[in-house]
Amino acid sequence: MLFKQQALLRQKLFVLGSLAIGSVLYLVARVGTLDRLQPICPIESRLPPPDPEQIPLRTLQFKRGLLHELRKGNATKEQIRLHNLVQQLPQAIIIGVRKGGTRALLEMLNLHPAVVKASQEIHFFDNDQNYARGIDWYREKMPFSFPHQITIEKSPAYFITEEVPERIFKMNSSIKLLIIVREPTTRAVSDYTQVLEGKERKNKTYHKFEKLAVDSGTCEVNTKYKAVRTSIYTKHLERWLKYFPVEQFHIVDGDRLITDPLPELQLVERFLNLPSRISQYNLYFNATRGFYCLRFNIVFNKCLAGSKGRIHPEVDPSVVTKLQKFFHPFNQKFYQITGRTFNWP
Ligand code: A3P
């Protein structure tokens, strides 16, 4: 009898416990989905005036809500008009450097309520075919945003492509340009690793990094190898400086973006004249990934794709030293021009 009563009590406690947990889970999910609900009154009347100094965190929630619908293609033309949404040309572009951490930078900046990112690399200025399609084609590739938000796109090939500075200048001579760099030898190895992975996927063989980076005839660094050339940052930057003053560039430390992203993001916020809104809450270290990941709110967080953060092959230390010596004078010049010094060897 006593045993039966105890069993009944346990059953009741189990039901009550399940109800309580269910309610908590519902509330947590509700907080997240509230962001995605369509607002019932015009958004302008709910938002404070579009003064960039006054952008509230609530804007982030609206941004996550409505823009999510837009991305899925669910928003109607009426909703777009009602909410005063526009497709704006970018006010800032991450022009490179390939494998510098361009994707991480774009995604992290997109945490800011006043920033909207173009998700894909558009390759408008470096691809002649795309460029011939004209500026309206480019604008249509941009995401919807509120007029007070800024749009950012990234196409790392811009940094090294001859025609790009002039083309961007013709679109907007006062545009802000972001360049994210890593220690040049590490960046070259990262570049090699990406190409190697592509070859392996197609069951193709590929040379070792050492063979590509060093000319076997002269034993000198092979400057014809693209991964080496791309890491000579100063050479590329000098071409850009024929069109834009140095104040229009901001250099991001890609190595620090990996280990301690927040201070780097705060420098970018300042460069873009945005109020500081990205906080440590938005960034958390994921030990499994070995990288910082992004937290948008209590329920929505994400890490970058697995193609970001590949394991690099081991490189002969003598080749590493040779490359580091080769890059050294170029790095010095880069520090001098940009006013940003790194502890590169
Ligand atoms: P590796 O794959 O060599 O580690 P890009 O986006 O320009 O191609 O740069 C890729 C690099 O971004 C990666 O290079 C990785 O180290 C770096 N990175 C920086 N922050 C990262 C993050 N939070 N998650 C994943 N990769 C990150």
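In listed order, ligands and their atoms are each counted from 1. Computed from a predicted model, the values in this text were never measured in an experiment.
- A salt bridge does not link K204 with E200: every distance from a Lys NZ or Arg NE/NH1/NH2 to an Asp or Glu carboxylate oxygen is 4.0 Å or more.
- A donor atom on one side chain and an acceptor atom on the other are not found under 3.5 Å apart for T193 and E197.
- Contact check on R187 versus E183 returns no salt bridge, with no Lys/Arg side-chain nitrogen under 4.0 Å from an Asp/Glu carboxylate oxygen.
- With a 4.0 Å cut-off on non-hydrogen atoms, R182 touches ligand 1 through its side chain and not its backbone.
- Look at P156 and you'll find every heavy atom at least 4.0 Å from all atoms of ligand 1.
- Close approach of ligand 1 to M108 (heavy-atom distance below 4.0 Å) involves ligand atoms 23 (N).
- Between Y138 and F124, the ring-plane angle classifies as parallel under the 30° and 60° cut-offs.
- Below 30°, between 30° and 60°, or above 60°: for W240 and F159 the angle between ring planes is below 30°, a parallel geometry.
- A cation-pi arrangement is absent between R295 and F300 under the rule of less than 6.0 angstrom and at most 45 degrees off the ring axis.
- With ligand atoms numbered from 1 in the order given, ligand 1 contributes 16 (O), 18 (N), 19 (C), 20 (N) to contacts under 4.0 Å with heavy atoms of I258.
- With contacts defined as side-chain heavy-atom distances shorter than 4.5 Å, the pair F327/V221 does not qualify.
- Distances below 4.0 Å separate heavy atoms of H312 from the following atoms of ligand 1: 1 (P), 3 (O), 4 (O).
- Residue-to-ligand polar distances keep L304 apart from ligand 1: every N/O pair is separated by 3.5 Å or more.
- For atom 20 (N) of ligand 1, the nearest non-hydrogen atom from the set A104, C293, G306, G100 belongs to A104.
- Checked by distance only, ligand 1 and R289 stay at 3.5 Å or farther apart across all their nitrogen or oxygen atoms.
- Side-chain atoms of E153 and Y158 include a donor-acceptor pair closer than 3.5 Å.
- Atoms of ligand 1 found under 4.0 Å from any heavy atom of Y292, numbered from 1 in the order shown, are 22 (C), 23 (N).
- Both L274 and M108 belong to a common hydrophobic cluster when Ile, Leu, Val, Met, Phe, Trp and Tyr are linked at side-chain heavy-atom distances under 4.5 angstrom.
- Polar contact with ligand 1: absent for Q194 (N/O pair, distance under 3.5 Å).
- For atom 22 (C) of ligand 1, the closest non-hydrogen atom on the protein side is F291 CD2, 3.6 Å.
- Of the charged side-chain nitrogens involved, at least one lies within less than 4.0 Å of a carboxylate oxygen, so that R340 and E264 count as a salt-bridged pair.
- At under 3.5 Å, a nitrogen or oxygen of G101, whether backbone or side chain, sits near a nitrogen or oxygen of ligand 1.
- Interface of R103 with ligand 1, defined as ligand atoms under 4.0 Å from a residue heavy atom, comprises 6 (O).
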Criterion ring-ring contact (aromatic ring centres under 6.0 Å, His included) on Y292 and Y284, from CA distance to verdict: CA-CA 5 Å; Y292 275 87; Y284 67 95; 8.3 Å; no
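- Checked by distance only, ligand 1 and T102 come closer than 3.5 Å through their nitrogen or oxygen atoms.
- Distances between N or O atoms of R98 and those of ligand 1 include no value under 3.5 Å.
- Counting heavy atoms only, K99 comes closest to atom 8 (O) of ligand 1 of the residues E264, R310, R256, K99.
- The ligand atoms of ligand 1 that sit less than 4.0 angstrom from a heavy atom of G309 are 1 (P), 2 (O), 4 (O), 13 (C), 15 (C).
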